[in-house]
**Student:** 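Before I ask anything, here is the structure I am working with.
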Amino acid sequence: MDVAKYRTLFIEEASEHLVEWSRALLALEKDPGSGESLELLFRMAHSIKGMAASLDYQAITEVAHAAEDRLGRARAAGRLADAGELPLLFRALEGLERMVGVVRESGEAPAPDPELVSALRAPAKPTGVPEKKAPRAP
């Protein structure tokens, strides 16, 4: 197997997916309930995860998988859980861009980012209007 050929393909495709990720985040910033943006982000994370796993880039796989799981929950809910989600997804984008950059520059697998993975796996803190309790009967 010509690993250099697949590495080049990975770098090209992952870079394209990350550009799409960035665009989708900007769209989501304007419209937090954009199902189309959430769907696109989910697909990009899924694609990057699969490509990275096939080349044994474990650190990229872990971040992309954690982002995919978080985006899957948001997608199921139809929106981001809270205002803190967007900065975290931008942070995931930056982390993945950095990791793909390491592969581009060195040809080596990047170092893990356990702090980012942990942040992505942490439960979201839903916000919104508190649920009103029904008045108690006298």
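Worth knowing before you read on, the calculation uses all heavy atoms, side chains too, and leaves out hydrogens, waters and symmetry mates.
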**Student:** Pairs in or reaching into residues 24-36: which pass side-chain hydrogen bond (donor to acceptor under 3.5 Å, both in side chains), with residues at least two apart or in two chains?
**Tutor:** S34-S37

**Student:** Does S47 reach the main-chain N or O of R43 with its side chain, forming a donor-acceptor pair under 3.5 Å?
**Tutor:** yes

**Student:** Below 4.5 Å, heavy atoms only, C-beta onward: do P112 and V117 meet side chain to side chain?
**Tutor:** no

**Student:** Measure across A24 and L40 and return the closest heavy-atom pair with its distance rounded to 0.1 Å.
**Tutor:** CB-CD2, 3.8 Å

**Student:** Roughly how far, to the nearest 0.5 Å, is the NZ atom of K5 from the OG1 atom of T8?
**Tutor:** 10.5 Å

**Student:** Report the residues that fulfil side-chain hydrogen bond (donor to acceptor under 3.5 Å, both in side chains) with E39, sequence neighbours left out, ordered by chain and then residue number.
**Tutor:** R75

**Student:** List in chain and number order the residues that pass ring pair (Phe, Tyr, Trp, His ring centres under 6.0 Å) with F10, two or more places apart in sequence or in another chain; answer none if no residue qualifies.
**Tutor:** Y57

**Student:** List the residues meeting salt bridge (charged side-chain N to carboxylate O under 4.0 Å, His left out) with R7, not counting sequence neighbours, and say none if there are none.
**Tutor:** none

**Student:** Is there any salt bridge (charged side-chain N to carboxylate O under 4.0 Å, His left out) pair reaching into residues 10-22, and which pairs are they, with sequence neighbours excluded?
**Tutor:** E20-R23

**Student:** As an exercise, state the distance from CD of E94 to CG of L116, rounded to the nearest 0.5 Å.
**Tutor:** 9.5 Å

**Student:** Can you name the residues that form a side-chain contact (heavy atoms from CB on, under 4.5 Å) with L89, not counting sequence neighbours?
**Tutor:** L25, L71, L80

**Student:** Look up atom CZ in R98 and atom CD1 in I60, then write down how far apart they are to the nearest 0.5 Å.
**Tutor:** 9.0 Å

**Student:** Less than 4.5 Å apart, any side-chain heavy atom of R70 and any of L88?
**Tutor:** yes

**Student:** Please identify each residue that fulfils salt bridge (charged side-chain N to carboxylate O under 4.0 Å, His left out) with R121, with sequence neighbours left out.
**Tutor:** D69

**Student:** State which residues pass salt bridge (charged side-chain N to carboxylate O under 4.0 Å, His left out) with E115; sequence neighbours excluded, sorted by chain then number.
**Tutor:** R91

**Student:** Taking all non-hydrogen atoms of both residues into account, name the closest pair between A67 and L120 and its distance.
**Tutor:** N-CD1, 3.9 Å

**Student:** With the 4.5 Å side-chain cut-off for hydrophobic clustering, are V19 and L9 part of the same group?
**Tutor:** no

**Student:** Please list every donor-acceptor pair under 3.5 Å in which a side-chain atom of residues 100-111 meets a protein atom from a residue at least two apart or in another chain.
**Tutor:**
from	atom 1	to	atom 2	distance (Å)
R104	NH2	S15	OG	2.7
S106	OG	V102	O	2.7
S106	OG	E108	N	3.0

**Student:** Quick one: are V63 and I48 in side-chain contact, heavy atoms under 4.5 Å?
**Tutor:** no

**Student:** Within the distance-only criterion (no hydrogens, no angle test), does the side chain of S54 pair as donor or acceptor with the backbone N or O of M51 below 3.5 angstrom?
**Tutor:** yes

**Student:** Do L28 and L26 belong together in a cluster built from hydrophobic side chains that touch within less than 4.5 Å?
**Tutor:** yes

**Student:** Under the side-chain contact (heavy atoms from CB on, under 4.5 Å) criterion, do H17 and L96 qualify, and how do the steps go?
**Tutor:** CA-CA 10 Å; H17 291 329; L96 289 167; over 6 Å; no

**Student:** Using the salt bridge (charged side-chain N to carboxylate O under 4.0 Å, His left out) rule, collect all pairs that involve residues 49-63, keeping only residues at least two apart or in two chains.
**Tutor:** K49-E68

